[in-house]
Amino acid sequence: MDKTYAPSSIEQRLYQQWEAAGWFAPSGQGKPYCIMIPPPNVTGTLHMGHAFQHTLMDALTRFHRMEGDNTLWQPGTDHAGIATQMVVERQLNAAGTNRRDIGREEFLKRVWEWKEQSGDTISRQMRRLGNSVDWTRDRFTMDAGLSEAVTEVFVSLFEQGLIYRGKRLVNWDPVLHTALSDLEVLAEPEKGSLWHFRYPLADGSGQLVVATTRPETMFGDTAVAVHPEDERYRHLIGQQIRLPLTDRLIPIIGDDYVDREFGTGCVKITPGHDFNDYEIGKRHQLPLINILDASAVLNDAVPAAYRGLDRVAARKRVILDLEALGLVDKIDPHTLPVPRGDRSGAVLEPWLTDQWYVRIAPLAAPAIKAVEDGRIRFVPDNWSKTYYQWMNNIQDWCISRQLWWGHRVPAWYDNDGNAYVARTLADAQSQARGKQGKEVALTQDDDVLDTWFSSALWPFSTLGWPEQTPALKTFYPTNVLVTGFDIIFFWVARMIMMGLKFTDEVPFREVYITGLIRDENGDKMSKSKGNIIDPLDLIDGIELEALVAKRTSGMMQPHLKERIEKATRKQFPQGIPAYGTDAVRFTFAALATMGRDIRFDLGRVEGYRNFCNKLWNAARFVLMNTEGQDCGTGGPVELSTPDRWIRARLGATVEEVRGRFAEYRFDLAAQSLYEFAWYEYCDWYLELTKPVMLSDSYSAAQKRGARQTLVQVLETYLRLLHPLMPFVTEEIWQAVAPLAGRSGPTIMLQAYPARADFPADAEAELAIGPIKAAVLAPRQIRGQLDVPQSRKVPLFMKTASAADRAVVDANAELIRSVASVSEITLITDEATLPLVSMTIVEGRTFYVPLATLIDDVDAELARIAKRKARTAQELAKCEAKLANPNFAANAPAEVVAQERGRIADFRSELAQLEEQAARVTSLRG
RNA sequence: GCGCGCGUAGCUCAGCGGUAGAGCACUACCUUGACAUGGUAGGGGUCACAGGUUCGAUCCCUGUCGCGCGCACCA
């Protein structure tokens with residue numbers, strides 16, 4: 001092994017070996033375990049959120065694979081209808097053409113080309129992240145098989161009356177020219193105005209003042225509404241208004257939808273362009289006037305002067321004209337939620353069109369029940385509330401999109417406008433024949449389906465459904481879905497509904513909801529904010545200039561460029577160093593707390609990169625001392641107290657890590673793994689082993705015991721860590737495993753460590769106490785007196801405990817060596833000692849002759865005073881607690897006893913410290 | 001308005017009804033034969049605030065303040 005840990009030289013090589021060997025595929029044996037990847041956009045790239053979730057999925061996958069389960073992590077991508085179409089359209093625009101000019105067929109050809117060209121970005125990234133997905137099963141939502149599933153589901157739902165076509169108001173994107181579902185609408189408050197217009201009564205007897213945020217829609221007004229019990233207006237109900245700028249008369253109606261407190265209490269009703277007004281219109285049988293075309297330009301339904309104006313121009317014109325007529329009462333500033341498309345950012349219009357809908361209530365009911373009765377469990381559990389809240393108020397789902405890229409709606413129309421929903425054109429034709437009694441020409445619906453419609457089928461469509469494949473039988477229902485809370489509605493809920501509907505089974509038993517990765521300021525990472533980090537740039541590192549270029553290229557809003565560049569230069573003046581995949585993965589695991597926001601901290605990555613290096617070097621130490629030597633096969637093996645202790649600690653860690661994985665606490669699993677390796681194995685065990693390796697005073701059996709423990713603990717630990725850090729563990733394992741008596745081509749397929757392999761050892765765990773104390777004591781004294789740790793000093797340990805004495809006697813040489821102590825002497829009385837420095841560790845008192853340390857006696861007095869103050873403070877707290885009569889009366893006996901014990905300890909400590917201070921003072925002079 | 005989350009060391013975050021923790025940052029000492037991407041010893045916190053329950057609250061309950069998110073919204 002090289003002296004320094006160099007991830008770049010091991011990671012890609014190992015991944016290629018794993019993949020080539022076919023080790024990612026299910027073994028075909030054992031309990032099935034399956035995770036479906038949330039399919040990323042095929043033409044996109046993985047962002048930090050993906051890398052995060054993939055790390056957790058891979059950890060689970062690798063863990064279960066090592067457990068011997070028949071493990072499948074199913075990969076794939078989705079076609080991301082709108083997003084992908086937009087990208088290709090932009091390419092066309094740049095080339096001076098557009099999709100209408102080249103036509104649907106040619107356009108689709110271009111999209112597929114783009115998919116082929118960019119589609120391997122994601123798989124390349126996943127390979128670099130070490131994701132052990134079964135690549136042979138890679139799926140794409142537009143694949144033939146998955147498309148067949150989409151058609152089957154659509155037709156089947158239609159046949160059951162759960163899909164219908166209807167003319168209704170939808171959220172219309174006038175830029176992209178497509179309908180959107182409710183979920184794709186983002187309504188942020190924006191500053192606007194509330195215009196008050198005077199609408200004259202038809203009989204000339206007066207006027208009503210209506211308040212509106214959208215003056216331009218007045219041409220679609222078909223009523224003015226007031227509250228039926230509003231004293232001011234109710235006598236006017238039934239009368240007519242002469243709608244200004246038009247020659248139309250519209251009625252005054254009463255409807256308790258009207259809020260008397262808001263505005264003037266009079267509302268203009270525009271059923272064709274407002275969802276609430278649409279409902280009112282239905283209640284009052286009002287006509288519905290559509291005044292906009294698909295681009296939100298005023299159409300021929302408005303007076304000639306306004307035709308052809310877009311929304312914005314029309315608004316200005318209406319206000320001017322009403323002002324000229326003296327009909328503008330006032331204009332108040334007003335903040336209102338403005339609905340925008342989540343992709344285009346365009347202000348959406350409620351617009352009357354024919355669309356396909358899923359009747360959702362019958363699908364939602366069983367899906368709610370599945371979570372209620374525990375067949376599906378959310379982790380953390382409180383996300384189920386979010387789920388319920390949405391599911392209980394769910395609206396029919398508009399699934400048609402006026403796009404070209406996607407699954408085309410399997411419906412055909414004859415010339416009379418009759419629709420035939422069918423699995424194939426031939427089916428549709430035969431239906432049409434049945435209806436019309438003759439052969440008729442059919443044309444397929446132009447629209448495609450919402451991408452989420454196909455995503456909703458992902459857990460079973462990827463396994464071959466509607467065929468009853470062996471894979472489907474084996475892996476469905478899947479075990480866990482790992483995803484972010486931002487797509488609970490878009491995706492998770494819809495998978496549950498579709499899964500239950502078409503397989504009578506839940507699609508997954510658990511849903512582990514992760515937090516969202518944010519930048520160091522807590523902001524969401526996005527291209528427009530310029531704060532994205534490509535996970536690969538953390539792995540490979542990136543120069544500052546390249547990073548700036550990456551963040552500022554291809555921007556939708558070029559004016560942000562300067563600010564992004566400045567912020568980037570400030571935050572990463574040196575660019576980003578290469579950390580390697582393992583460090584990045586370990587960081588993600590360590591950050592996977594149960595909260596909802598995760599601030600990504602580069603400092604953590606650096607810390608865990610150092611951890612990789614630490615592990616690497618520990619392994620080098622182990623190899624250096626074991627390779628080519630007898631690790632326990634050549635004769636009797638004697639295990640020392642440290643050997644037994646570290647084995648027991650490893651066992652406890654195994655148990656801890658297994659438990660943490662089982663409850664999806666990757667952060668705590670990472671913490672346990674980190675702490676064991678660094679604070680126990682490296683800090684203590686390796687140090688305690690060095691003398692055994694180096695000195696001749698240990699027997700062959702003792703040396704065998706130490707070597708065997710070194711390699712066995714390391715080998716086991718590597719397996720324990722492997723799911724989180726696949727590469728460095730594999731690389732080290734290859735070298736270490738044979739020494740530990742393990743063989744196999746890869747760590748990936750080795751058994752995950754079991755607690756039973758390293759049982760608890762109470763005796764050893766107790767006996768390590770005095771050894772550690774004897775090592776810590778001189779360190780403490782030297783450290784606090786600023787004396788180099790390398791200075792050898794004699795050490796006196798005062799103890800009355802026979803057990804302590806036995807342990808220290810038996811390990812005296814070890815302690816001398818590790819603690820850098822010339823001699824350790826056990827005493828029961830310090831009276832005969834020369835002027836010494838004193839310390840108490842875990843209730844054990846130690847002395848080092850002051851003359852061997854320093855000349856300045858005051859330094860020792862200062863140390864003692866400081867320690868005394870702290871002890872006195874603790875003592876006071878305990879005494880106050882015990883002084884409370886209720887405490888002794890009510891607290892559990894063991895707590896009281898513990899408290900009394902502490903007081904005794906503190907008092908004895910304090911007495912010794914005082915004595916020490918007195919002695920030092922008296923001997924000074 | 002309804003629902004949810006967060007507030008613990010300078011920063012990023014764990015934790016827990018009974019002695020406040022980690023990483024990073026900071027201070028001092030140390031180039032000791034795995035590792036300076038390191039070692040050792042330290043400094044630093046009225047656990048947002050106020051009540052309540054309890055022998056005991058950072059933890060449980062209620063409220064307040066601050067920050068954030070989701071859903072629904074009055075034209």
Side-chain angles (χ1 to χ4, degrees), chain A residues 1 3-5 182 187 194-195 210-214 217 225 257-270 274 276-277 334 336-337 380 382-383 385-386 388-390 393 485-486 488-489 515-516 520 522 577 579 583 587 590-591 593-604 606-625 665 667-668 671 674-675 679 682-683 686-687 690 694 776 779-791 820 866 874 877-878 881-882 884-892 894-896 898-899 902 906:
Chain A
M1 284 171 66
K3 186 172 177 186
T4 5
Y5 164 66
D182 298 344
L194 190 59
W195 286 271
V210 300
T212 181
T213 55
R214 302 207 51 195
T217 64
Y257 158 77
V258 178
D259 178 353
R260 278 171 280 187
E261 308 299 319
F262 188 88
T264 59
C266 301
V267 191
K268 65 194 258 319
I269 301 299
T270 321
D274 182 283
N276 288 311
D277 292 5
H334 181 62
L336 69 161
N382 52 292
W383 287 110
K385 287 200 179 179
T386 305
Y388 291 137
Q389 197 189 329
W390 188 65
N393 297 295
F485 60 80
D486 50 333
I488 288 180
F489 306 143
L516 246 42
E520 68 290 342
Y579 295 113
T587 306
L591 291 176
T593 60
M594 292 310 225
R596 66 169 54 192
D597 294 328
I598 295 163
R599 289 194 195 207
F600 194 80
D601 180 6
L602 269 189
R604 295 286 288 264
E606 189 183 343
Y608 295 129
R609 193 267 321 264
N610 295 351
F611 176 61
C612 293
N613 183 60
K614 185 80 177 173
L615 190 64
W616 183 265
N617 282 292
R620 284 181 57 234
F621 172 82
V622 172
L623 289 172
M624 232 171 252
N625 287 289
R665 288 307 304 264
D667 57 329
L668 299 178
Q671 197 181 332
Y674 183 95
E675 288 175 352
Y679 304 143
C682 291
D683 283 356
L686 293 192
E687 293 306 320
K690 283 176 185 173
L694 294 170
L776 285 172
R779 275 188 195 166
Q780 229 172 59
I781 288 172
R782 283 187 292 239
Q784 288 169 11
L785 292 173
D786 288 344
V787 173
Q789 294 292 345
S790 51
R791 184 173 303 180
S820 195
K866 203 156 123 190
E874 289 300 314
K877 267 199 248 175
C878 286
K881 189 182 269 191
L882 217 55
N884 181 348
N886 291 324
F887 176 70
N890 294 304
E894 69 258 28
V895 172
V896 177
Q898 183 193 321
E899 223 47 44
R902 291 188 65 213
F906 286 140

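Basis for what follows: all heavy atoms, side chains included, without hydrogens, waters or symmetry-related copies.
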(request) By nearest nucleotide on RNA chain B, pick out whichever of A:Cys878 and A:Gly607 is the more 5' one. (result) A:Cys878
(request) Report which part of the nucleic acid A:Leu694 touches: base, sugar-phosphate, or nothing (heavy-atom distance under 4.0 Å, all strands). (result) base
(request) Remember a base hit wins even if backbone is also touched, and classify A:Leu602 as base, sugar-phosphate or nothing at under 4.0 Å, heavy atoms. (result) nothing
(request) For residues A:Gln789 and A:Gly783, report the shortest heavy-atom separation together with the two atoms involved. (result) NE2-N, 3.6 Å
(message) Quick check for you: among B:A41, B:G39, B:C2, whose closest atom lies nearest to any side-chain atom of A:Gln389?
(response) B:C2
(message) Base contacts versus sugar-phosphate-only contacts with protein, heavy atoms under 4.0 Å: please encode nucleotides 5-17 of chain B as B, S and - from 5' to 3'.
(response) S------BSSS--
(request) Let me know the distance between CZ of A:Phe485 and P of B:C69, rounded to the nearest Å. (result) 10 Å
(message) How long is the straight-line distance from CZ of A:Arg620 back to OG1 of A:Thr4, given to the nearest 0.5 Å?
(response) 8.0 Å
(request) Check whether any side-chain N or O of A:Lys877 sits under 4.0 Å from OP1 or OP2 of B:A20, and answer yes or no. (result) yes
(message) Can you list everything that forms a side-chain contact (heavy atoms from CB on, under 4.5 Å) with A:Thr213? Sequence neighbours excluded, please.
(response) A:Leu194, A:His334, A:Leu336
(request) Could you give the distance separating B:G39 and B:U31 at their P atoms, to the nearest angstrom? (result) 16 Å
(request) Mark yes or no for whether A:Asn613, through its side chain, and A:Arg609, through its backbone, hold a donor-acceptor pair below 3.5 Å. (result) no
(request) Go ahead and write out RNA chain B as dot-bracket, 5' to 3': ( ) for pairs within the strand, [ ] for ones crossing earlier pairs, | when the partner sits on another strand, dots for unpaired; Watson-Crick or G-U wobble, both distances under 3.5 Å. (result) (((((((..((((....[..)))).(((((.......))))).....(((((..]....))))))))))))....
(message) Nearest 0.5 Å, please: how far is CD in A:Gln671 from CG in A:Asp667?
(response) 7.5 Å
(message) Heavy-atom nearest nucleotide on RNA chain B for A:Lys385 versus A:Gly783: which residue maps closer to 5'?
(response) A:Lys385
(message) If I take atom CG in residue A:Asp683 and atom P in nucleotide B:A22, what distance separates them, rounded to the nearest angstrom?
(response) 13 Å
(message) I need the A:Leu686 CG to A:Lys690 NZ distance, nearest 0.5 Å.
(response) 7.0 Å
(message) Under 3.5 Å, is there any donor-acceptor pair linking the side chain of A:Arg779 to the base of B:U40?
(response) no
(message) Could you tell me how far B:C26 sits from B:G21 if I compare only their P atoms? Round to whole Å.
(response) 23 Å
(request) Please state whether the phosphate of B:G23, meaning OP1 or OP2, lies under 4.0 angstrom from any side-chain nitrogen or oxygen of A:Tyr679. (result) yes
(request) Pick the P atom in B:C71 and in B:G38, then give their distance to the nearest Å. (result) 44 Å
(message) Need one value for A:Ala618: base, sugar-phosphate or nothing, where a base atom within 4.0 Å counts as base even if backbone is also close, heavy atoms only.
(response) base
(message) Determine whether a donor-acceptor pair (N or O, by modelled atom type, separation under 3.5 Å) exists between the side chain of A:Arg782 and the backbone of A:Arg791.
(response) yes
(request) Could you encode protein contacts along nucleotides 52-59 of chain B as a string, one character per nucleotide from 5' to 3', using B for base contact, S for sugar-phosphate-only contact and - for no contact, with a heavy-atom cut-off of under 4.0 Å? (result) ---B----
(request) Remember a base hit wins even if backbone is also touched, and classify A:Pro885 as base, sugar-phosphate or nothing at under 4.0 Å, heavy atoms. (result) nothing
(request) Whole angstrom is fine here: how far is it from CH2 in A:Trp383 over to P in B:C69? (result) 12 Å
(request) To the nearest Å, give me how far apart CD (A:Glu675) and C1' (B:G21) are. (result) 9 Å
(request) For residues A:Tyr579 and A:Tyr608, establish whether the separation of their ring centroids is below 6.0 Å. (result) no
(request) With sequence neighbours excluded, tell me which residues meet ring pair (Phe, Tyr, Trp, His ring centres under 6.0 Å) with A:Tyr5. (result) A:Trp616
(request) Report the distance from atom CG of A:Leu615 to atom P of B:G38, rounded to the nearest whole Å. (result) 13 Å
(request) Could you check if a side-chain atom of A:Asp274 sits within less than 4.5 angstrom of a side-chain atom of A:Thr217, using non-hydrogen atoms only? (result) no
(message) Distance check, C1' atoms only: B:A48 and B:A9, in whole angstrom units.
(response) 15 Å
(request) Tell me, with the steps shown, if A:Val267 and A:Phe262 meet side-chain contact (heavy atoms from CB on, under 4.5 Å). (result) CA-CA 10 Å; A:Val267 191; A:Phe262 188 88; over 6 Å; no
(message) Whether A:Gln784 contacts B:G42 is assessed here as follows: a side-chain N or O lying under 4.0 Å from the phosphate OP1 or OP2. Is that the case?
(response) yes
(request) Select base, sugar-phosphate, or nothing to describe what A:Gly265 touches, counting heavy atoms under 4.0 Å on all strands. (result) base
(message) Classify A:Arg620 by what it touches in the nucleic acid, base, sugar-phosphate, or nothing, heavy-atom distance under 4.0 Å.
(response) sugar-phosphate
(request) Determine the minimum heavy-atom distance between A:Arg596 and A:Phe485, stating which atoms define it. (result) O-CE2, 3.4 Å
(message) Expressed as a whole number of angstroms, how long is the span from A:Tyr674:OH to B:A22:C1'?
(response) 8 Å
(message) Looking at A:Glu687 and B:A34, is any side-chain donor or acceptor paired with a base atom of the opposite kind under 3.5 Å?
(response) yes
(request) Give, for atom CZ of A:Phe621 and atom CD of A:Glu687, the distance between the pair rounded to the nearest 0.5 Å. (result) 7.5 Å
(request) Heavy atoms only: give me the nearest A:Arg604-A:Leu591 pair and the separation to one decimal. (result) NH1-CD2, 4.0 Å
(request) Starting from P on B:U32, measure out to CZ on A:Arg791 and report it in whole angstrom. (result) 16 Å
(message) If I take atom CZ in residue A:Arg782 and atom C1' in nucleotide B:U32, what distance separates them, rounded to the nearest angstrom?
(response) 11 Å
(message) I'd like the P distance from B:U46 over to B:G1, given in whole Å.
(response) 35 Å
(message) Quick check: any donor-acceptor pair below 3.5 Å linking the side-chain of A:Lys614 to the base of B:C35?
(response) yes
(message) So if I take every side-chain heavy atom of A:Tyr257 and compare against B:A75, B:C69, B:G18, which nucleotide ends up nearest?
(response) B:A75
(request) Indicate, with a heavy-atom threshold strictly under 4.0 Å, whether A:Phe489 touches base, sugar-phosphate, or nothing. (result) sugar-phosphate
(message) My understanding is that only residues two or more places apart in sequence, or in another chain, count here; which of them pass salt bridge (charged side-chain N to carboxylate O under 4.0 Å, His left out) with A:Asp597?
(response) A:Arg518
(request) With the side chain of A:Asn617 defined as its heavy atoms from C-beta on, choose the nearest nucleotide among B:U37, B:C35, B:A75. (result) B:C35
(message) So, under a plain 3.5 Å distance rule, would you say the side chain of A:Lys690 forms a donor-acceptor pair with the base of B:A34?
(response) yes
(request) Report which part of the nucleic acid A:Thr386 touches: base, sugar-phosphate, or nothing (heavy-atom distance under 4.0 Å, all strands). (result) nothing
(request) State which of B:U40, B:A75, B:U19 makes the closest approach to the side chain of A:Phe262. (result) B:A75
(request) Name the nucleic acid region contacted by A:Thr270, choosing base, sugar-phosphate or nothing; use a 4.0 angstrom heavy-atom cut-off, strictly under. (result) nothing
(request) Please check the phosphate of B:C35 (OP1 and OP2 only) for any side-chain N or O of A:Lys3 closer than 4.0 Å. (result) yes
